[in-house]
Amino acid sequence: MTDSDESYGQFEDICGDHMHHGFYEPGSAAASDSDHRLAQIRMIEESLRFAGVSDDEDKKPKRVVDVGCGIGGSTRYLARKYGANCVGFAISPVQVQRAQALTASQGLADKVSFQVADALDQPFPDGHFDLVWSMDSGQHIPNKKKFVSELARVAAPGGTIIIVTWCHRDLSPSEESLKPEEKALLDKLGSAYYLAQWCSTADYVKLLDSLSLQDIKAADWSEYVAPFWPAMIRCALTFKGFTSLLRSGVEKHKRSTRDAIDDPRVQDGLG
């Protein structure tokens, strides 16, 4: 088991099924554990709304892939919402095993399956899925060009690709790179949260456009996710969160918690 797998156990204790950011109205704050869990569901729904995924019986997705599924919270949610056949995959056998157990316990094993696989080499045929879903996983994947290419390859004609991920800010026309202090912050975050290569939203749009995809939309949701980190910190400092930290090793995790508290740019949405 890797450090990242142990962190997922800690996140499950605090977050439940969903290991991704929540979506909040600007200026709001998560006051309780239930608030940030509802915000995580809201993130899924807002992402689907933004992408224009239909609830219509004839148009809703029938086959869905969850790329970098973690323990399968989004996969199960999408299966329930659309009645779709969903497959999730992650590179971690520990996470996949947990996803399978949770899915069986929730009576969804006939609709949802999981496997160990690599997002840079997906084990699916071309054009297979109506909805290709990647929620808070792209930041962990090193080769963004190959990552996006694989998402496009497995999407069916007329299908939808949704990528919700951490990005650094877009560069201005006069800039060639981020500022040294910004690079230092991203390096710190990368070390604390097992992140790979960083890119901007504009970089993702260029990659998608290079594949001749249609109706490409992008948005910066930093202000909508900013309350999530303070909410996570508060939950981590509750009795349940603290005992979870103790089980997985306080020394191992206190650095990432301290970093999130100390740097206001993290709470402002990495911007």
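Between atom NZ of residue Lys111 and atom SG of residue Cys86 there is a gap of 8.5 Å, rounded to the nearest 0.5 Å. Atoms CH2 and SG, on Trp198 and Cys167 in that order, are 8.0 Å from each other to the nearest 0.5 Å. Put simply, CD on Gln100 and OG on Ser105 are 12.0 Å apart, with the number rounded to the nearest 0.5 Å. Of the inter-residue distances, the one linking Leu186 atom CG with Arg169 atom CZ reads 10.0 Å to the nearest 0.5 angstrom. Summarising the geometry, atom CG belonging to Leu213 is positioned 5.5 Å from atom CD1 belonging to Ile216; distances are rounded to the nearest 0.5 Å. In this structure, CG in Asp55 is found 8.0 Å from CG in Leu48, a value given to the nearest 0.5 Å.
Residues Ala84 and Pro61 come closest through the heavy atom pair CB-O, 3.5 Å. The two residues Gly70 and Ala90 have their closest heavy-atom pair at N-CB, 4.2 Å. Residues Cys69 and Gly88 share a closest heavy-atom pair of SG-C, 3.6 Å. Considering every non-hydrogen atom in both Ala51 and Thr160, the closest pair reads CB-CG2, 4.0 Å. For the pair Thr75 and Val87, the tightest heavy-atom approach, listed with the atom from each and the gap, is CG2-C, 4.1 Å. Closest approach of His128 to Pro125, counting heavy atoms only: CB-O, 3.5 Å.
A donor-acceptor contact shorter than 3.5 Å links the side chain of Asp136 to the backbone of His21. Using modelled atom types, one side-chain atom of Lys144 and one backbone atom of Gln197 make a donor-acceptor pair closer than 3.5 Å. Looking at Asp203, its side chain does come within 3.5 Å of a backbone N or O of Ser200 through a donor-acceptor pair. The main-chain N or O of Val112 is never found under 3.5 Å from a side-chain atom of Thr103 such that the two would form a donor-acceptor pair. Put simply, the side chain of Ser191 never gets that close to the backbone of Asp187: no donor and acceptor are under 3.5 Å apart. Using modelled atom types, one side-chain atom of Gln40 and one backbone atom of His20 make a donor-acceptor pair closer than 3.5 Å.
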(message) Evaluate Arg42 against Glu45 for salt bridge (Lys or Arg N to Asp or Glu O under 4.0 Å), listing each step before the verdict.
(response) CA-CA 5 Å; Arg42 196 178 304 120; Glu45 288 293 341; over 6 Å; no
(request) Might you work through the side-chain contact (heavy atoms from CB on, under 4.5 Å) test for Tyr194 and Leu189, ending with a clear yes or no? (result) CA-CA 8 Å; Tyr194 314 102; Leu189 288 169; over 6 Å; no
(request) Let me see the working for Ile44 and Trp133 under side-chain contact (heavy atoms from CB on, under 4.5 Å), right down to the final yes or no. (result) CA-CA 10 Å; Ile44 296 174; Trp133 175 270; 3.7 Å; yes
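Asp118 is not listed as a side-chain neighbour of Phe89, based on a closest heavy-atom distance of 4.5 Å or more. Between Arg98 and Leu102 there is a side-chain heavy-atom pair separated by less than 4.5 Å. Contact check for Val164 versus Ser134: no side-chain heavy atoms found under the 4.5 Å cut-off. Residues Asp130 and Val64 fail the side-chain proximity criterion, which asks for heavy atoms closer than 4.5 Å.
Aromatic ring orientation, Phe23 versus Trp221: perpendicular (interplanar angle above 60°, classes split at 30° and 60°).
Val116 and Ile141 sit in two unconnected hydrophobic clusters of ILVMFWY residues. Membership requires side-chain heavy atoms under 4.5 Å apart, directly or through other members. Clustering ILVMFWY residues whenever any of their side-chain heavy atoms sit less than 4.5 angstrom apart, transitively, puts Ile162 in the very cluster that holds Val225. Residues Leu120 and Ile91 do not share a hydrophobic cluster, clusters being chains of Ile/Leu/Val/Met/Phe/Trp/Tyr side chains in contact below 4.5 Å. In the hydrophobic cluster analysis, where Ile, Leu, Val, Met, Phe, Trp and Tyr join through side-chain heavy atoms closer than 4.5 angstrom, Leu78 is grouped together with Ile41. Under the 4.5 Å side-chain heavy-atom criterion for grouping Ile, Leu, Val, Met, Phe, Trp and Tyr, Val53 is connected to Met135 within one hydrophobic cluster.
Counting non-hydrogen atoms of other residues, nucleotides and ligands closer than 6.0 Å to OH of Tyr82 gives a total above 12. Annotation for Glu175: atom CD counts as buried by contact number, over 12 foreign heavy atoms lying within 6.0 Å. Within 6.0 Å of CD in Gln97 there are 12 or fewer heavy atoms belonging to other residues, nucleotides or ligands.
Screening residues 60-76 for salt bridge (Lys or Arg N to Asp or Glu O under 4.0 Å), with sequence neighbours left out, gives Asp17-Arg76, Glu57-Lys60.
With salt bridges taken as basic N to acidic carboxylate O contacts below 4.0 Å, one links Glu46 and Arg49.
Looking at residues two or more places apart in sequence or on another chain, you find no salt bridge (Lys or Arg N to Asp or Glu O under 4.0 Å) involving Asp110. When the salt bridge (Lys or Arg N to Asp or Glu O under 4.0 Å) test is applied to Glu176, no partner is found at least two apart in sequence or on another chain. Partners of Lys183 under the salt bridge (Lys or Arg N to Asp or Glu O under 4.0 Å) rule, at least two apart in sequence or in another chain, do not exist in this structure. Applying the side-chain contact (heavy atoms from CB on, under 4.5 Å) test to Ala218 and every residue at least two apart in sequence or in another chain returns Thr201, Val205.
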Quiz: residues 145-159 side-chain donor-acceptor pairs under 3.5 angstrom, not counting sequence neighbours:
residue	atom	partner	partner atom	Å
Glu150	OE1	Gln122	N	2.7
Glu150	OE1	Arg153	NH2	3.1
Glu150	OE2	Arg153	NE	2.7
Arg153	NH1	Phe124	O	2.7
Arg153	NH1	Asp126	OD1	2.8
Arg153	NH2	Gln122	O	3.0
Arg153	NH2	Phe124	O	3.2

